[in-house]
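Below is one structure; the comments refer to it alone.
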Amino acid sequence: MSPRIRDRVSVVDVGDGACSIIKTQHDGRESVTVIDCGSDSISADDACNRLLDALDGRPEVIDTIVVSHFDADHYRGFMRLAERMRARGQRFASLRLISPRPPDVAPPFTAAYLAMDLTVTGFRSLDLSLDLRQVTKEGRFRYTPLARGNGFLAGERGYDVLWPPATLPDHVARQVRKAVLAFEELAEKLAARGNSALRDNFEAARKGGWLQPGQDNLQTGEMSKARLVDGEYLGENIYENDDDAGSALDVTRLNVPDDLHENFRGVWNAMRRANNDMSLVFEDAEPGRLIVFGDAGTPILSWLANTELHAAHYALMLAPHHGTHPLPPALQLTADLCVGQNGGKRGHLWPRHLATHDNHGRCVSSTSGTHHLLL
C-alpha cells in the first residue's frame, strides 16, 4: 500500500493579489509549492513578508513555484523573495518554475506585453527566471512553460494543464492580434512625437525571445538595452482608483502627450486583458481536489466549460480573476471552499462572483484573512 499523501493548502491574504501555498507530506518528507505571489494593493515587499511568515521564515523549503501569468500582482513578490535570499546567502536545494507557455499566435504579443510592462512599471517579468536561478543550487533550477495537454508533478502530486492551448481559438486569437496592432500603432505615434522608448523596448523584447522548455534563451545583453519611457516610470502603485486597473492607469507621470493619454490607457487595458486570458488554468490530476484559474476571463471560462470542464465539485477552487468578475452560466463548478483573492481595493467587486456562483454559501474572500484547508 503506497504511503498516503496529505496536503495543507493556505490561501494567503495578500490583499488584491494572489498567493497560495501547498505543503505536501509524503513518506516523511515535506514538499512546498507556491502558486503566485504579488499584490496590487500592498507592496511586493509586504506580499513577500506574508509568504515568508506562512513559511516560518524558511523560503528554501519551496521546491516548485507556479506563476499563473506575468502580471505584477501574481509574480512580483517572488522577485523580492529572490532579492532577499541573495542578500542573506539562502539558496533553494532545487527549484522548478512553471508558467503558461505562449500559444503559437502569441510571440509578437509576448514581446509587446513585455515592452508595455517595462515601459509602465520599470520591471522585466522574464527576469524572474534569472533571479530565481541565482538563488538555486548549481544545476538544480528548471523553468518549464506549459500548455494545454501538459502535466506536471509538484509535491508527489500530478496536475493537468487545461489552458492555454498551443493554438488559440479564433475568437481569442483575434483579441490578441487586435491588442498587438493597437500597441504597434501607439508605439509609432509616440516615436513620431520623439519618444521611441516603447518601440525600442518592443524590439529589445522581441530579440530577447521567450524562455523555452528546458533552456534559457533570454538574451540578457539585448534586454539590457531596453529603455523606460522618457519620464518617471510608475513602479508598484500605478493605478488611480480601484475599479478598472486598465482604464485607471495614471499616465500623467509618463512622458505621453495629453492627447494620447486615453489611447495609452486603452492599449494597456487591451494588453492586460489578453495577458490575463493566457493564464495557466490547471487542476489536480486526482478528480475533485483543486482547480486554479489565474485571471482567465469570461471567453476562456466559457470555452473551457463547453469543451473540458463539465459540472464538477472540488475541495478547493481559486476563483477566476480574484473573484471580481461574474462567472459565465456554462461554468457549473462547485467547491467545498471557493476563495476570491481580493482585498480592500477591489473587494467591493466580490458580489459579482457571489451572484453568479451557485456554491451554497461556500465562497469566501481574502478580505476575511488567510484561509487553510486540508486535502
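Counting begins at 1 with the first residue of the sequence. Note that the structure is a prediction, hence the values are computed from the model and not measured.
Residues Ala319 and His353 share a closest heavy-atom pair of CB-CE1, 3.8 Å. What you find for Asp336 and Ala315 is that their closest heavy atoms are CB-O, 3.3 Å.
Taking 4.5 Å as the limit, every side-chain heavy atom of Val32 sits out of range of all side-chain heavy atoms of Ile22. In this structure the side chain of Thr33 never reaches within 4.5 angstrom of the side chain of Thr24, judged on heavy atoms. Counting only heavy atoms from C-beta outward, the side chains of Thr64 and Ile62 never approach each other to under 4.5 Å. Counting heavy atoms from C-beta on, the side chains of Phe141 and Leu97 come closer than 4.5 Å. The closest side-chain heavy-atom distance from Asp127 to Met79 is below 4.5 Å.
With no hydrogens or angles considered, no side-chain donor-acceptor pair links Tyr75 and Ser99 at under 3.5 Å.
Of the residues listed (Val180, Val176, Asp71, Leu118), the one engaging Tyr113 in a side-chain contact (heavy atoms from CB on, under 4.5 Å) is Asp71, and it is the only one. Between Val267 and the choices Glu185, Glu184, Met116, the side-chain contact (heavy atoms from CB on, under 4.5 Å) rule is met once, by Met116.
Salt bridge status for Arg289 with Glu283: absent, with no side-chain N to carboxylate O gap under 4.0 Å. Between Arg206 and Glu203 there is a salt bridge, since at least one side-chain N of the basic residue sits less than 4.0 Å from a carboxylate O of the acidic one. Under a 4.0 Å N-O distance rule, the pair Arg91/Glu60 does not qualify as a salt bridge. The existence of a salt bridge linking Arg50 and Asp13 is confirmed by a sub-4.0 Å separation between a basic side-chain nitrogen and an acidic carboxylate oxygen. Remark: Arg157 engages Asp7 in a salt bridge, criterion side-chain N to carboxylate O under 4.0 Å. Salt bridge present: Asp45 and Arg84 bring a charged side-chain N and a carboxylate O closer than 4.0 Å.
Within a 6.0 Å sphere centred on CG of Asp259, heavy atoms belonging to other residues, nucleotides or ligands number more than 12.
Checking side-chain atoms of Asp36 against main-chain N and O of Ser68 turns up a donor-acceptor pair under 3.5 Å. Listed for the His371 side chain is a donor-acceptor partner under 3.5 Å among the backbone atoms of Gly369. Although no hydrogens or angles enter the test, the distance criterion places a donor-acceptor pair under 3.5 Å between the side chain of Asp16 and the main chain of Gly343. Asn342 contributes a side-chain N or O that, together with a main-chain N or O of His322, makes up a donor-acceptor pair within less than 3.5 Å. The backbone N or O of Asn276 sits less than 3.5 Å from a side-chain atom of Ser279, completing a donor-acceptor pair.
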Next on the checklist: The test is ring-ring contact (aromatic ring centres under 6.0 Å, His included); show your working for Phe202 and Phe183 and say whether it passes.
Outcome noted: CA-CA 10 Å; Phe202 178 58; Phe183 167 88; 5.3 Å; yes
Item to check | side chain to side chain contact (heavy atoms under 4.5 Å, CB included) between Leu162 and Phe282, intermediate numbers included | outcome: CA-CA 5 Å; Leu162 309 179; Phe282 63 96; 5.7 Å; no
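Cation-pi contact between Arg140 and Phe92: absent, since separation from the ring centre below 6.0 Å together with deviation from the ring axis within 45° is not met.
The aromatic ring centroids of His69 and His74 lie less than 6.0 Å from each other.
Ring orientation note: the planes of Phe152 and Tyr159 are close to parallel, at an angle under 30° on the 30°/60° scale.
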